[in-house]
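Everything numeric in this text was worked out from a predicted model, so none of it was measured.
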Protein chains: 2
Amino acid sequence: MLDERKGKILEAIILDYAATAEPVGSRAVSRKYGLGVSSATVRNEMADLEELGFLEQPHTSAGRIPSDQGYRYYLDHMMRRSRLGQAEMRRICDVYSRKAREIQWMLRQTAKLLAESAHAASLAVGPHREDAIFRSLRVLPLEGEQALLVLVGDAGVVEHRILNLPPGMTVADLEVFSAYLTDRWRGLPFRRLASTSVREIYDNLSRYRRMLDDVLDFLRERREREGLETVQLVGASHVLEQPEFRDPAKVRVFLECLEREDLMAELLEQREGSTGVTVTIGEENAYPGLRGCALVTASFGMGGRPKGQVGVLGPKRMEYPHVVALVEFVAHSLTQELGRAFRD
Amino acid sequence: MLDERKGKILEAIILDYAATAEPVGSRAVSRKYGLGVSSATVRNEMADLEELGFLEQPHTSAGRIPSDQGYRYYLDHMMRRSRLGQAEMRRICDVYSRKAREIQWMLRQTAKLLAESAHAASLAVGPHREDAIFRSLRVLPLEGEQALLVLVGDAGVVEHRILNLPPGMTVADLEVFSAYLTDRWRGLPFRRLASTSVREIYDNLSRYRRMLDDVLDFLRERREREGLETVQLVGASHVLEQPEFRDPAKVRVFLECLEREDLMAELLEQREGSTGVTVTIGEENAYPGLRGCALVTASFGMGGRPKGQVGVLGPKRMEYPHVVALVEFVAHSLTQELGRAFRD
DNA sequence: TTTAGCACTGGGCTGGACCGAGTGCTAATG
DNA sequence: CATTAGCACTCGGTCCAGCCCAGTGCTAAA
C-alpha cells in the first residue's frame, strides 16, 4: 500500500501523462498538482516509486511515466469513477432508440459509439451462435424446387439457407418434417443439434432422408464457420492519432493484430466469466501487438447470462475513469435493450 | 500515341518502380531493360516523357516515377494481361468449394483471398438488399406470443425480424396474411414494397392491421439502414507495409478513409455500370485519402445482372497485370459460384 | 524531513561538410 | 541527324559536432 503522498504523486503523473504523452518531471508534479512540497521532495518520492515498480524512466535524464504496475495500482486502489454527462448518456440511449432489432447491426452501432466517445478503437462480439438455444426449425417452400430452411434460437439468433427440395415434397411433408425436428431439438444449444439422437431421427424421418441430410450438412457447415464469429471493430484510426504510434512499425503490428478477427474474438471471449468492467494493461495482454495498449471490456447479456462483450482498445495512458464508466454504461444499456428487443 | 522506344522506356520505369518504390534513373533503364541505347539517349527520352506528362520527378536530381497519366497510358495501351498460375486459380476455387451459401460470408472470404493474393487491401460489397427482388414472405409462429417474420428475395437475400403477435392470432391467420402479401408483392424490388398499393393492402388485411404495421415498420427500418451496406474490408495492414506509407500522417488519412464504410460502398457502387475490370489511379479517385492509391475493381453478378463489386486497393505502383487478372478471375468465379448456390 | 543548490546526463535540434545518384547540356561521333 | 561521351551542377540523405535544456541524483544546509 502506498502512503498518501506517494499515491498523489502517482496519480499526478498518470493524469499528466494521459494529457501530454510526455514523461512527467518532478517540477511539473510539484507545481501543477499542488502538493505543497518542492520538486526535490517529489524527486525522492519518484525514485522510491520507481524502485517499487510503479514508474519507469525512458532514459536517465527524462521524467517518469507510469509502468503497467503503476496503472494497475491506480485502477485497483485509487481511481474514482467518473460519471457520464447527461448529454453523453442520452447519446448512448439514442443509438438504440430506433428499435432496430438486428443484433449485429446493434453491435456495430455500439462499437461506433464507443470508438467515438473514447477516441480509441473499440470492439464488440455478439452472441456465440453455437451457444444459442434452439427454438424452432421450419422449411418454407419457395417457387421452383427451392425452399428456405430457417432455424431460430434465442437472443435473436436466426440462421437460414436455401435448399433444393427433393422432387415430390408437399407442403404437408415440410410441415411434418419441421414439426418433428422442432419438437425433437427444442431447448438444446445449437452446438449439440447435429449430434443429438441422429440415428433415431433418421429412423423417424426416413422418408425425408435427403432433406435431413441437407439440414445436418447446414449445421455442420455452421460449425465449421464457427471460429469466424463476426467481431465488430471500429475506430482503429483513432488510436493512430496517439503519439505513441508515431512509429509506423508499431502501427503495422497493431493493425495486423486487429485484423486477426480470431485473435480479437478470443481476447474478448476470455473475459466471458468475469462480471463488471475488466481492464488489462500492456504486458498483461497476451498478444505482442497489444503491448503498449490497454483494453477495457464489459460483458452484456440476456436473461441473466452473458452473451457477448464490448470493449475499448486504446493507449495505456487513456482516461480510465471516463472509459471505464463509458464501457460499463454501454454494456448495461445494451443488455437492457437486448432484453427489450428479444425478450423470450 | 508514343513511339515504340518511348513506350518501352515508360514500361521499364513502371516495372522498375513497382519493384523498388524508388525513382528510376536513366542508367538503370538503359542497363537493366536492354534497350540497346545509352543512358544519355534514355535521358532525352525521359525528358520528353516528362514534358508529355507521363513521368514526374520528385526533385531535380532524382530519377523519374510514373505519373497518374503514365499509368493510365500503360493500362490502356500497353499492358499485357498476365495469366494466373494454376496453383493460384485452384486456391481461389477452393475458397468457394465448401459450398457455403451465406453471401456475406462468401464475400468476406473473397476479400481475404484478394488481400492475401495481391498483398494489398481489398473490398467487397454485396448485393444491394433494397434492389433484391421479393420472392416470398412468411410469418412463422414461435412459442409465446412471438413470431418470426421472414422475407426472401433473390440472390440469397433473406431478412427477418422477431415480432410480437397481437393476441388471438391463429396459425391459419398467419398463413392467410403471408400468402396475401407474398402474392401481392412477388416480383417487386424490396425498395418499393413499403409503398406499393398500401391502401389496398390495408383494406384487404384490415383484420391484421397491427401485424401489417409491424411488417411495414420493418421495411422502413431496413430502408433507413440502407446506406449502411456491409462492406467487407480486409488487409489494410498490407498496404501499410508499402514504403509510400512510411509517413504516419498518410497512414491516418488512408485508414480514416477506409473506415468510412459509406465512402467505400459509394466508391464501389459508382462502378456498377461498367463491365470488366475498372482501374482508377491516384487523382482519378474522388477521395483525398486515396490519392497515392489505385483501385482495381470488377463486378460480379447473378442472372446476368450486376449484384456487387470486388476490388483491390493498393499503392499506385502495384503490379497491375497480376492484380487485374486476379480481380477479373475472382469476380468471375464469384459470379459462377453465386449462380450455383442461389440459382433462382 | 524537507529543501536549495549544483554537477551531470542524455536526447533532440541545428547547421555544416560530404557523398553520390542522377540530371541537363554541349560537343564529338558514326 | 540521331546517338553518345563527358562534364558541371543539383539536391536529398547521412554523418558529426556543438549546443540547449529538461530533468536527474546527490550533498549540504535549514
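- Distance CG (A/L55) to C1' (D/dG23): 14 Å, rounded to an integer number of Å.
- Side chain of A/S38, nearest nucleotide from D/dT3, C/dT3, D/dT4: C/dT3.
- Under the salt bridge (Lys or Arg N to Asp or Glu O under 4.0 Å) test applied with A/D16, the options A/R31, A/R64, A/R27, A/K32 reduce to a single match, A/K32.
- Using a 4.0 Å heavy-atom criterion, one finds that A/T41 contacts the bases of the nucleic acid, with or without backbone contacts as well.
- Rounded to an integer number of Å, the gap from A/I65 CD1 to D/dG23 C1' is 15 Å.
- Contact annotation: side chain of B/S61 to base of D/dT10, donor-acceptor pair present below 3.5 Å.
- Taking 4.0 angstrom as the limit, B/S26 places a side-chain polar atom (N or O) nearer than this to OP1 or OP2 of C/dT23.
- Residue B/E22 contributes atom CD, which lies 14 Å from atom P of C/dT23 at whole-angstrom precision.
- Ranking C/dT3, D/dG25, D/dA5 by closeness to the A/Q57 side chain, first place goes to D/dG25.
- A distance-only check finds no donor-acceptor pair linking the side chain of B/E244 to the backbone of B/P315 [under 3.5 Å].
- The phosphate of D/dT10 (OP1 or OP2) has no side-chain N or O of B/T60 nearer than 4.0 angstrom.
- Residue A/R43 places a side-chain atom within donor-acceptor reach of the base of C/dG5, judged by atom type and a 3.5 Å distance cut-off alone.
- By the 30° and 60° cut-offs, the orientation of the rings of B/H119 relative to B/H238 is perpendicular.
- Spacing between atom CD of B/E45 and atom P of C/dC25 amounts to 15 Å, rounded to whole angstrom units.
- The separation between A/K32 atom NZ and D/dG23 atom P is 9 Å, rounded to whole Å.
- Nearest-nucleotide assignment on DNA chain D puts the 5′-proximal partner with B/A40, out of B/A40 and B/H59.
- Applying the 6.0 Å contact sphere to NZ of A/K316 captures more than 12 heavy atoms from other residues, nucleotides or ligands.
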